[in-house]
Amino acid sequence: MQMPGGKATSAPIMGRDEEPTIFELSSPGRNAASFRTTDLPEWTAEELVPAEHLQAEPTPVCEVSERDLVAHFTRLTHRQYSVDLGAYPLGSCTMKYNPKLCDDAASLPGLTDVHPAAPPSLTQGWMELLADLASILCRVTGMHAATLQPPAGASGELTGLLLMRAWHADQGRQRTKVIIPDSAHGTNPASVTLGGYETVTVPSDSRGCVDVAALRERLDTDVAGIMLTNPNTLGLFEEDIAEIAAAVHDVGGLLYYDGANLNAILGVTRPGDMGFDIVHMNLHKTFAVPHGGGGPGAGPVAVSERLTPYLPGPIPVLGDDGSYRWDTPPKSIGRVHSWHGNALALARAYSYILANGGDGLRKVAEAAVLNANWLRHRLRGVYDIPYDRPNMHEFVASTTSLKKADGLKAIDVAKRLLEEGFHAPTVYFPLIVEEALMIEPTETESPQTLAALGDALEAIARSPEGAQAAPRTTPVGRVDEARAARQLIPTWDARP
Amino acid sequence: MQMPGGKATSAPIMGRDEEPTIFELSSPGRNAASFRTTDLPEWTAEELVPAEHLQAEPTPVCEVSERDLVAHFTRLTHRQYSVDLGAYPLGSCTMKYNPKLCDDAASLPGLTDVHPAAPPSLTQGWMELLADLASILCRVTGMHAATLQPPAGASGELTGLLLMRAWHADQGRQRTKVIIPDSAHGTNPASVTLGGYETVTVPSDSRGCVDVAALRERLDTDVAGIMLTNPNTLGLFEEDIAEIAAAVHDVGGLLYYDGANLNAILGVTRPGDMGFDIVHMNLHKTFAVPHGGGGPGAGPVAVSERLTPYLPGPIPVLGDDGSYRWDTPPKSIGRVHSWHGNALALARAYSYILANGGDGLRKVAEAAVLNANWLRHRLRGVYDIPYDRPNMHEFVASTTSLKKADGLKAIDVAKRLLEEGFHAPTVYFPLIVEEALMIEPTETESPQTLAALGDALEAIARSPEGAQAAPRTTPVGRVDEARAARQLIPTWDARP
Amino acid sequence: MGHFVPHTDAEVADMLGFMGLSSVDELFSAIPEALRLAGGLEVAPGLSEPDVMAEMGRLARDNRACGPDLVCFAGAGAYDHEVPAVTRRLTFRSEFVTAYTPYQPEVAQGVLQALFEYQTLITRLAGVEIANASLYDGATACVEAVNLAVASSGREKVWVSQGVHPTWREVIRTFAAGTGHDIVEIPLVDGRTAWPADGEPGAVLVQQPNFLGCLEDLEAAKRTGALLLVAADPVSAGLLKSPGSQGADVVVGEGQPFGTPLSLGGPYLGLFACRQEHVRRLPGRLVGETRDVEDRRAYVTTLRTREQDIRREKASSNVCTNQTLIAVCCAIQLSWLGTAGLRDMALRCARGTRYTREALLAIDGVEPLTEAPVLREFAVRTPCRGDVVVERMADEGFLAGVALDDDYGGGLLVAVTERRTRAEIDAYVAAFEKVVN
Amino acid sequence: MGHFVPHTDAEVADMLGFMGLSSVDELFSAIPEALRLAGGLEVAPGLSEPDVMAEMGRLARDNRACGPDLVCFAGAGAYDHEVPAVTRRLTFRSEFVTAYTPYQPEVAQGVLQALFEYQTLITRLAGVEIANASLYDGATACVEAVNLAVASSGREKVWVSQGVHPTWREVIRTFAAGTGHDIVEIPLVDGRTAWPADGEPGAVLVQQPNFLGCLEDLEAAKRTGALLLVAADPVSAGLLKSPGSQGADVVVGEGQPFGTPLSLGGPYLGLFACRQEHVRRLPGRLVGETRDVEDRRAYVTTLRTREQDIRREKASSNVCTNQTLIAVCCAIQLSWLGTAGLRDMALRCARGTRYTREALLAIDGVEPLTEAPVLREFAVRTPCRGDVVVERMADEGFLAGVALDDDYGGGLLVAVTERRTRAEIDAYVAAFEKVVN
Ligand SMILES: Cc1ncc(COP(=O)(O)O)c(C=O)c1O
Ligand SMILES: Cc1ncc(COP(=O)(O)O)c(C=O)c1O
């Protein structure tokens with residue numbers, strides 16, 4: 001078979017062809033790697049590895065030149081949308097612009113080239129950074145202490161639930177249930193299960209908030225706690241939060257705050273002040289850690305004083321001698337990460353916080369909420385707005401009426417929007433809204449971009465014909481997801 | 001007027017719209033810049049600048065956020081083809097792959113943050129690098145000494161002609177003419193004029209080489225010298241070069257070597273051995289300095305011993321004390337650059353040479369010549385090959401027959417090739433071949449890519465219909481060049 | 001200054017006007033007065049970009065980073081390997097860095113194809129058919145392996161070799177508190193796991209090479225009859241038989257060695273691969289090849305019904321955000337290494353390891369912790385405690401290794417990568433001899 | 001190893017076979033035996049990537065770079081200005097870095113539009129209608145200005161102020177040897193050019209602020225009646241009236257201050273702008289706006305008939321490769337600065353300059369070279385020679401400035417950018433006082 005070679009028709013600037021895989025670009029004997037000259041004895045594999053362990057054949061990887069390697073992955077980047085190309089109003093994901101200075105900060109050799117097992121005498125700078133970040137995050141959330149180990153939000157959730165579990169056990173209680181709203185993100189119930197609890201769902205009321213009466217019915221001494229995000233996934237602030245907190249605390253339960261939506265309230269209000277006992281933050285949302293196409297993130301967990309003794313260790317603490325040491329809390333649930341969490345992501349967030357400062361962080365929340373409310377107003381009468389009242393950083397629209405009228409589904413709007421030069425909103429989430437379009441503009445989009453987004457969304461609604469065929473301008477057209485699951489091809493080697 | 005805002009339909013991954021200018025993305029009062037806190041007295045402009053010099057209004061620049069700035073220029077990069085995306089067989093330009101390690105080498109703070117006027121005691125590393133590079137370039141070209149100041153090839157040419165002039169003057173001669181072949185690059189005659197000489201053109205013979213008889217006719221004591229590139233712009237080696245050199249030297253003329261095509265002969269033969277007195281090199285071609293969309297380059301000039309005293313200064317020389325100092329040759333023509341030339345480009349080339357080594361450089365020439373010859377063979381019977389004999393790093397094809405048959409012009413092939421995923425070859429140059437396609441694959445393209453390029457070129461020739469409408473898959477279609485000249489719009493402010 | 005909100009005051013006023021509001025505070029009307037934060041955040045005011053970089057630079061200088069001034073011989077799951085310019089520059093292309101999880105495949109083919117290639121490469125190293133699109137790190141990959149194994153075996157009991165990295169075992173225990181899995185640790189006998197003859201575990205977890213650098217006998221582990229979970233060093237895959245070829249059901253590992261700097265331990269990369277039969281229990285994302293409407297090859301995340309956003313409390317895992325960028329980095333680095341390069345790299349590590357080990361053992365008072373064969377890392381007993389050696393060696397310009405806890409009998413764990421030259425090793429050994437006596 | 005040719009031996013054999021050849025050497029049959037290089041190049045064998053970086057690192061360490069350990073107060077056309085992450089990261093996007101000159105506009109709109117925006121920005125700073133797409137550097141931009149002026153004025157004589165950077169004047173003389181232009185240097189009288197009352201130059205070239213940092217009287221230069229060529233500092237454009245508004249016909253300059261590191265002096269950026277009437281004599285490339293076949297806005301290089309590849313010996317200049325990437329960098333940096341930022345930057349430079357000048361002049365023995373008003377740079381007489389001051393100050397951790405030649409009466413030229421803090425300046429002044437006495 002003739003190998004495809006390095007033509008660039010897969011780069012949208014030239015064409016709409018497939019990009020060959022790195023394996024198709026391989027040619028036997030070609031290579032790119034080179035290593036330092038070491039002057040060491042050149043013992044053979046046979047001399048170094050016991051026969052019973054030595055592989056018969058080298059592990060097949062691929063065989064490409066540096067030139068083809070660079071061209072391949074550069075072309076792939078041209079087939080990838082990103083925040084740096086334009087707006088990304090993906091609800092719940094807070095796809096704000098990530099300042100470039102944070103990239104510089106996180107690539108300082110003094111941070112990147114530090115071994116995680118190096119003794120504190122060699123890592124004081126890192127330990128100060130981590131300790132200060134933890135303390136700032138506590139001040140931002142109104143909590144007492146924090147662990148920076150969880151590498152993502154879901155990991156933070158599970159960490160929080162294990163803290164809940166350890167605390168109850170310590171109180172000599174056996175609790176079995178955790179309550180979550182029907183609007184909750186999927187990681188919440190999944191984490192509840194892994195935390196060894198049973199999920200009890202509480203419905204939302206007509207205002208899109210937790211139905212407090214229904215909640216009370218579910219509250220009993222089997223309840224370990226409740227997981228909420230506030231503003232919730234509809235972008236609405238849970239106005240009864242104080243009442244909810246009291247009710248949960250009354251039965252001896254704890255309140256867990258899913259911080260994915262923290263961007264909305266920075267400097268305005270704090271989970272701690274609302275009565276939450278445990279808070280996780282998504283630094284890859286609120287604090288501008290770029291999402292990397294799916295990660296890495298960082299999901300620190302902050303807790304109130306009574307839960308502090310249970311935090312994972314080690315934690316950097318400042319000794320009287322003015323130097324930092326690693327300390328593990330007395331009743332720690334244990335580590336939740338191999339080392340100290342996604343440290344470079346934490347450094348990025350730290351530099352972002354330094355740049356914004358307390359004043360800047362509040363401006364972030366203000367502009368995020370301003371943008372989201374403006375866009376909701378803009379889309380009135382164009383899309384259904386099931387909960388049409390002041391929202392926070394995001395809001396949920398719906399194509400229910402448009403679907404009835406013209407068969408325009410949320411997914412069609414999403415695909416059409418790609419043609420209009422914007423990433424799609426989050427669709428079909430939260431589950432309690434049908435044909436949901438969950439829109440989060442974030443604070444870094446200008447009013448002009450917002451206006452253009454509004455115009456694009458209106459244009460789509462006004463002329464829905466052909467939407468099912470969208471997108472037509474992207475490197476590939478609508479992708480057959482069913483086929484992928486039906487005839488699974490998870491690797492190049494698995495192709496029929 | 002509504003401002004366009006940051007939609008991404010100008011990124012080919014989403015659409016084919018225009019990208020707004022940075023000025024259209026501006027909004028009064030917006031800004032991105034921030035500066036170090038200095039704690040200096042905050043004197044006002046009025047206090048600092050005499051009234052007669054102070055501007056009434058701030059100079060209008062633009063007013064954008066960092067976010068819009070990043071999105072704008074990132075979208076522009078998606079509207080730009082480059083070597084990192086694919087093959088770039090642009091004849092005479094040697095668009096080879098630029099190893100990434102050279103990017104790293106040229107961004108070492110120890111090189112980038114050195115002030116050009118710092119005394120030698122602070123710049124020994126740079127001076128060693130420059131001295132060693134100059135000496136290597138002399139060994140590669142077979143010359144005696146070199147200046148690294150010329151920032152590009154044309155500058156090197158003019159420097160060389162001024163060296164010629166100074167040398168003749170020193171011999172008490174008044175020479176008026178410089179001979180160049182009709183196949184020469186445009187910078188050659190332009191430089192001749194600026195060097196204060198008159199251009200005399202010598203025709204090429206049927207083999208595509210300098211017509212030696214015609215040359216002899218033109219040789220007299222008014223001739224200061226001759227400028228040649230060997231291999232010439234047809235990619236053919238001037239086999240009579242020894243005879244030519246003798247003839248020119250006989251009348252007291254000098255031979256200038258235009259090194260744009262040096263890639264073809266690295267480690268195989270040397271201009272010095274051919275009898276050349278002055279050689280310029282295009283490091284941005286032969287030595288993998290990336291072309292930057294049009295520059296910067298580097299055009300060092302190496303000369304034989306007799307011309308060494310005339311070189312521009314200062315030049316780094318190693319003193320007996322083992323340290324480098326700046327020296328200016330006794331009869332120097334003077335500086336040709338503000339400082340020491342495009343230093344970082346020189347550092348890139350140096351790291352490229354270190355990586356390749358003498359052995360690797362010869363491999364470069366071998367593969368470059370192999371690729372070009374293979375492709376010429378591949379295209380036999382598909383395109384006219386006016387000089388169908390062993391070529392060096394490039395060759396010239398023509399659509400003359402195809403034009404007669406199907407009206408397929410060289411420009412149409414160029415535009416069609418863009419649709420096929422390759423940059424176009426150089427067209428309509430050299431001027432002595434009609435409907436010329438000057439093709440230089442370079443050594444970094446794999447045989448597979450070469451095969452794909454051959455197939456694409458054949459496909460275009462076999463089905464030429466619609467070629468005039470090409471390119472149809474690019475961010476913009478064929479551009480109206482005549483209109484640009486007719487209704488000149490050189491700036492945003494000049495728009496009607 | 002220092003913040004990234006583009007709105008000018010005039011624009012804010014316009015937008016408020018459009019909504020019939022007169023102040024930004026009104027936007028927060030839904031928040032009860034009592035909950036409003038009075039006085040703002042107790043966080044210092046924003047800094048300019050150069051001021052931020054100055055402060056970050058100060059913190060960076062307060063560390064002693066590995067490099068010419070602190071030559072690295074430490075490993076224990078975090079290795080000082082070569083990272084070529086290509087890998088850094090491609091990985092940090094902003095399209096990879098600033099994209100979200102590929103929810104819209106039509107504009108995410110770049111990340112999706114890179115992950116598809118990553119999955120392929122990982123399965124080739126692991127020797128099993130399926131690999132996911134990444135997990136957080138080596139430790140959490142072990143946790144997911146244990147969860148998968150318990151679910152498919154239907155047995156709560158899992159044997160975990162004490163040859164598994166101590167912090168990884170700690171993480172396994174932490175999460176077992178939630179799942180209730182019965183984790184039993186199996187001790188090492190001279191450097192290798194001594195599996196009990198009886199007891200019916202649902203799975204056994206062993207590390208290859210193990211924490212002490214010793215080569216484990218995977219067949220022996222397989223003979224327990226339980227599902228075999230192997231935490232494998234991916235660099236060793238350049239020389240060793242693949243875990244899959246030796247019967248592994250799940251292969252996990254830490255992907256840091258392929259292009260990721262030491263970074264105080266993160267972000268790293270959790271490798272996860274398993275046999276086809278376990279695919280419906282696979283944690284995290286899986287990218288599959290499919291077609292678009294015009295029958296062009298395309299990629300998409302698939303078998304999504306395993307995942308939390310659809311399966312919710314019944315999901316195979318709660319992972320959502322993973323380590324995609326590090327997986328892309330790993331794919332680029334592995335492609336740069338290639339078939340020959342991966343083997344060469346492993347060989348170079350093994351050579352440096354043998355050379356260093358022999359030289360250290362020639363120092364009197366320095367004893368092997370075990371005689372079991374090692375590959376790229378080894379443990380020694382030292383006259384003074386390991387942590388003392390590390391402190392003293394730091395003054396000599398070396399990160400001597402990782403000090404071992406007393407339950408390993410103290411001493412030092414030493415790793416030698418392909419970056420270590422003979423000159424560096426000789427200087428290291430000389431300094432070592434000096435400080436231990 | 002270490003080279004970048006992808007061909008395997010098998011592939012080379014195939015390709016030769018296709019051409020009926022049996023060895024690579026046959027490819028060079030056209031080269032006469034006598035000319036073949038026997039024994040290969042006298043250049044050391046290739047090195048691996050890490051070995052190359054080790055060697056480059058050694059050379060880099062053999063320099064003393066500006067930074068915390070060598071705080072920069074040197075200028076003279078090369079300034080230590082802030083370069084934000086944005087500018088570096090956008091400029092070095094590989095599409096900008098690895099593209100050729102935009103010969104195929106359909107796939108070069110990125111570079112073309114960036115240059116169109118660059119041209120617009122430069123005309124705004126210069127105050128004239130036309131700017132080209134860049135020249136090599138400040139010196140060669142002056143040469144092109146002189147060539148254009150002589151061509152349009154038809155007069156060979158050009159007056160060049162001695163306030164123009166000395167090396168720039170040297171470059172002008174170097175190239176005048178070819179063009180035969182009659183370059184006459186006009187001396188400074190207390191810091192400003194003293195234009196002769198009579199003599200009929202085709203053009204006058206003056207630098208603003210001049211080499212000594214002093215503000216020149218452009219009206220006075222204009223009164224010579226010749227074409228006015230101004231070499232203007234682009235940073236000062238944040239505070240000063242534009243040269244165009246004061247009658248300049250051609251405005252040139254050095255663009256390094258906008259995003260380009262000191263780099264031992266290159267690659268820098270030659271700024272070139274002129275009045276509309278000179279556009280047909282404009283040297284170098286010019287990008288213009290036009291339309292594509294579907295009437296979309298598009299950009300293309302235009303008025304190409306001026307250029308060497310078409311006009312050949314009659315071209316307005318021989319420039320081909322220019323400094324496009326640095327021009328793109330300049331456009332990005334200027335856009336980052338913006339209207340307010342450019343003024344702020346200039347203001348900050350002026351403040352630091354005044355503060356430093358007053359402090360230095362308070363040291364006894366340190367005298368002003370001139371009383372003429374300065375903006376961002378100034379010259380002082382020092383008790384000991386300027387070059388001695390520079391050497392001694394280097395030991396104190398400062399690049400004190402640029403030593404002045406004796407024809408300026410020795411002394412030191414000191415530049416203070418927006419990056420210099422009060423603390424740095426105070427320390428500088430203290431050290432200065434110490435070393436000069
Ligand atoms: C509301 C909510 N909770 C939790 C999560 C999980 O966070 P992560 O993806 O970092 O695990 C997300 C992220 O998608 C979210 O939007
Ligand atoms: C044959 C030849 N000579 C001279 C030059 C001029 O070199 P530069 O563009 O670096 O000025 C070129 C470059 O295009 C060329 O191809």
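Being a predicted model, the structure only gives us computed values, none of them experimental.
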Review point. Taking atom types as modelled and ignoring hydrogens, do the side chains of Gln80(B) and Arg93(D) form a donor-acceptor contact shorter than 3.5 angstrom?
Key: no
Exercise for review: Would you tell me whether Ser338(B) and Glu254(D) have side-chain atoms, one donor and one acceptor, within less than 3.5 Å of each other?
Suggested key: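 No pair is found: no donor N or O on one side chain lies under 3.5 Å from an acceptor on the other.
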Point to revise | Steps toward ring-ring contact (aromatic ring centres under 6.0 Å, His included) verdict (Trp374(B), Phe18(D)) | key: CA-CA 8 Å; Trp374(B) 185 93; Phe18(D) 176 73; 5.2 Å; yes
Are any of the side-chain heavy atoms of [X] and [Y] separated by less than 4.5 Å?
{"X": "Leu90(B)", "Y": "Tyr103(D)", "result": "yes"}
{"X": "Leu48(B)", "Y": "Leu375(D)", "result": "no"}
{"X": "Arg139(B)", "Y": "Leu41(D)", "result": "no"}
{"X": "Met56(D)", "Y": "Asp104(B)", "result": "no"}
{"X": "Phe4(D)", "Y": "Val364(B)", "result": "no"}
{"X": "Pro447(B)", "Y": "Met15(D)", "result": "yes"}

Got a donor-acceptor contact below 3.5 angstrom from the [X] side chain to the [Y] backbone?
{"X": "Gln55(B)", "Y": "Leu240(D)", "answer": "yes"}
{"X": "Arg312(D)", "Y": "Pro189(B)", "answer": "no"}
{"X": "Arg297(D)", "Y": "Glu19(B)", "answer": "yes"}
{"X": "Asn63(D)", "Y": "Gly110(B)", "answer": "yes"}
{"X": "Tyr136(D)", "Y": "His337(B)", "answer": "no"}
{"X": "Glu170(D)", "Y": "Arg335(B)", "answer": "yes"}
{"X": "Thr290(D)", "Y": "Glu481(B)", "answer": "no"}
{"X": "Thr38(B)", "Y": "Arg422(D)", "answer": "no"}
{"X": "Asn318(D)", "Y": "Ala190(B)", "answer": "no"}

Residue [X] versus chain B: region with a heavy atom under 4.5 Å:
{"X": "Pro373(D)", "value": "side chain"}
{"X": "Leu399(D)", "value": "side chain"}
{"X": "Thr123(D)", "value": "side chain"}
{"X": "Val86(D)", "value": "side chain"}
{"X": "Leu286(D)", "value": "side chain"}
{"X": "Glu55(D)", "value": "side chain"}
{"X": "Ile130(D)", "value": "side chain"}
{"X": "Ile310(D)", "value": "neither"}
{"X": "Val12(D)", "value": "both"}
{"X": "Ala350(D)", "value": "both"}
{"X": "Trp168(D)", "value": "side chain"}
{"X": "Glu129(D)", "value": "backbone"}
{"X": "Cys72(D)", "value": "side chain"}
{"X": "Ala114(D)", "value": "both"}

Point to revise | Separation of Asp137(D) CG from Ser155(B) OG (nearest 0.5 Å) | key: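 Interatomic distance, Ser155(B) OG to Asp137(D) CG, rounded to 0.5 Å: 8.5 Å.
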Practice item. With rounding to the nearest 0.5 Å, note down the distance linking CG in Asp84(B) to CZ in Phe96(D). Key: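 The CG atom of Asp84(B) sits 13.5 Å away from the CZ atom of Phe96(D).
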So does [X] pair up with [Y], basic N to acidic O under 4.0 Å?
{"X": "Arg478(B)", "Y": "Glu106(D)", "value": "no"}
{"X": "Arg124(D)", "Y": "Asp493(B)", "value": "yes"}
{"X": "Arg36(B)", "Y": "Glu418(D)", "value": "no"}
{"X": "Glu42(B)", "Y": "Arg348(D)", "value": "no"}

So which heavy atom on [X] is nearest to which on [Y], and how close?
{"X": "Pro50(B)", "Y": "Leu215(D)", "answer": "CD-CD1, 3.8 Å"}
{"X": "Leu239(D)", "Y": "Leu54(B)", "answer": "O-CD1, 3.4 Å"}
{"X": "Thr21(B)", "Y": "Gln113(D)", "answer": "CA-NE2, 3.6 Å"}

Tell me, out of [options], who's got the most heavy-atom pairs with chain B below 4.5 Å.
{"options": "Ala315(D), Pro45(D), Pro32(D)", "result": "Pro45(D)"}
{"options": "Leu70(D), Leu342(D), Ile332(D)", "result": "Ile332(D)"}
{"options": "Arg64(D), His165(D), Glu95(D), Glu42(D)", "result": "Glu95(D)"}
{"options": "Arg343(D), Glu391(D), Lys241(D)", "result": "Lys241(D)"}
{"options": "Ala237(D), Ser317(D), Ala340(D), Ala394(D)", "result": "Ala237(D)"}
{"options": "Gly341(D), Pro261(D), Ser263(D), Gly288(D)", "result": "Ser263(D)"}

Check your understanding: How far apart are the C-alpha atoms of Gln104(D) and Tyr81(B), what are their side-chain angles, what is the distance that settles it, and do they pass the side chain to side chain contact (heavy atoms under 4.5 Å, CB included) test?
Key -> CA-CA 9 Å; Gln104(D) 297 295 336; Tyr81(B) 189 71; over 6 Å; no
**Study point:** Those residues that, when tested against Ala78(D), pass side chain to side chain contact (heavy atoms under 4.5 Å, CB included) (two or more places apart)
**Key:** His115(B), Pro116(B), Trp339(B), Leu262(D), Tyr268(D)
Practice item. Taking side chain to side chain contact (heavy atoms under 4.5 Å, CB included) as the test, write out the residues that go with Ala494(B), two or more places apart. Key: Pro490(B), Thr491(B)
Check your understanding: Going through the checks in order, is the side chain to side chain contact (heavy atoms under 4.5 Å, CB included) test met by Glu128(B) and Leu59(D)?
Key -> CA-CA 8 Å; Glu128(B) 178 180 349; Leu59(D) 291 167; 3.6 Å; yes
Practice item. Just say parallel, tilted or perpendicular for the rings of Trp336(D) and Phe35(B), cut-offs at 30° and 60°. Key: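 Ring orientation, 0 to 90° scale: perpendicular.
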Point to revise | Pair Arg36(D)-Thr269(B), side chain to side chain contact (heavy atoms under 4.5 Å, CB included): steps then yes or no | key: CA-CA 5 Å; Arg36(D) 306 272 184 94; Thr269(B) 178; 5.8 Å; no
Practice item. Begin from the C-alpha positions of Lys314(D) and Thr193(B) and carry the test side chain to side chain contact (heavy atoms under 4.5 Å, CB included) through to its verdict. Key: CA-CA 8 Å; Lys314(D) 297 194 185 50; Thr193(B) 304; over 6 Å; no
